[in-house]
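Reviewing the structure listed below.
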Amino acid sequence: MIAVSIKNLGFKYEKSDTWILKDISLDINKGEITVITGGNGSGKTTLLRCIRALIPNVYKGELVGNIRIFNQDLEEMDPLELVKTIGIVFQNPETQLFSSTVEDELVFGAENICLKRDEIHKRLNSILELTGIEHLRHSNPNNLSGGEQQLIAIAAVLMMDPEILLLDEVLSWVDKDNRSKILDILKSLKDKGKTIIMVDHIEENIRFADGILRI
């Protein structure tokens, strides 16, 4: 099954004459890990924004081409459906963390999509175990290391149980031990059938991908 299908995608930001994305076409199967690589300014982050529909809803500009998610036009998906289907983790975890404890951070999104309390509790315990941050449960994210913050940002997105996970250079902020831990988490998610699309440039991280897109 094709999870993400991109056809002839192009985009230029508002008030810019430069097409940062040009004629991008790609099919990504469900359960695959795909790595997007390229030089600075090549459009890697922009492509993730397009897949998550942050473009053109948040970042304005001219968008051409088509994106389909599990055979549904992206533009036809409502915001709640998008949140449940596609999760995104940004390069700087501080842009996603705002709660005073790790537990509050993780349950916030689940509460906002009105999950039942029992389901939230079940997911919380499972995600804390998966990401290995049980010991940080009652800690303030602002007092933790960059690597720990990145694990929390990933865990918060995983609480929504998205079928597709977008990662924007999340490994660039973490040390070797946490990098290895995150890669193990991604492999575990792949084994569960999740589709992962990540921007990365580190050769050792790229090796475990099922597909590579260079833009």
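This is a predicted model, so every value here is computed, not measured.
Screening residues 154-179 for salt bridge (charged side-chain N to carboxylate O under 4.0 Å, His left out) gives Lys30-Glu163, Asp161-Lys194, Glu163-Lys194 as the qualifying pairs, with residues at least two apart or on separate chains.
Looking only at distances, no side-chain donor or acceptor of Asp104 sits under 3.5 Å from a matching main-chain atom of Ser100. Side-chain atoms of Ser126 never come within 3.5 Å of backbone atoms of Arg123 as a donor-acceptor pair (strictly under, hydrogens ignored). Between the side chain of Gln96 and the main chain of Phe90, a donor-acceptor pair closer than 3.5 Å is present.
The two residues Gln91 and Ser172 come nearest to each other via the heavy atoms NE2-OG, 3.4 Å. Shown here for Ile67 and Cys50, the closest heavy-atom pair between the two residues is CD1-O, 3.6 Å. Looking at every heavy atom in both residues, Leu171 comes nearest to Met198 through CD1-CE, 3.9 Å. When all heavy atoms of Leu106 and Met159 are compared, the closest pair comes out as O-CG, 3.3 Å. Here the shortest heavy-atom pairing between Ala3 and Ile164 reads O-CD1, 4.1 Å. Closest heavy-atom contact between Ile152 and Pro141: CD1-CB, 4.4 Å.
Checked against a 6.0 Å centroid threshold, the rings of Phe11 and Tyr59 do not count as neighbours.
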Next on the checklist: The test is side-chain contact (heavy atoms from CB on, under 4.5 Å); show your working for Asn29 and Glu32 and say whether it passes.
Outcome noted: CA-CA 6 Å; Asn29 292 322; Glu32 286 187 345; 3.2 Å; yes

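Taken from CE in Met1 to CD1 in Ile28, the straight-line distance is 15.0 Å, to the nearest 0.5 Å. Taken to the nearest 0.5 Å, the OG atom of Ser25 stands 4.0 Å off from the CG atom of Asn8. For the atom pair Leu151 CG and Ile185 CD1, the distance stands at 5.5 Å (nearest 0.5 Å).
Looking at residues two or more places apart in sequence or on another chain, you find a side-chain contact (heavy atoms from CB on, under 4.5 Å) between Asp78 and Leu80, Glu81.
At a threshold of 4.5 Å between non-hydrogen side-chain atoms, the residues Ser145 and Glu148 count as touching. Side-chain contact between Gln150 and Val170 is present, with heavy atoms from C-beta onward closer than 4.5 Å.
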Run the side-chain donor-acceptor check on residues 128-135: report pairs under 3.5 Å with partners two or more places apart or on a different chain.
residue, atom, partner, partner atom, Å
Thr131, OG1, Ile127, O, 2.7

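Thr46 and Tyr13 share a donor-acceptor pair across their side chains, judged by distance under 3.5 Å alone.
Cation-pi geometry between Lys187 and Phe208 is met: under 6.0 angstrom from the ring centre, within 45 degrees of the axis.
Across Ile33, Ile51, Ile86, a single residue satisfies side-chain contact (heavy atoms from CB on, under 4.5 Å) together with Ile197, and that is Ile51. The one candidate from Leu48, Val35, Leu167 that meets the side-chain contact (heavy atoms from CB on, under 4.5 Å) condition with Val199 is Leu48.
By the 6.0 Å contact criterion, NZ on Lys190 is enclosed, its count of non-hydrogen atoms from other residues, nucleotides or ligands being greater than 12.
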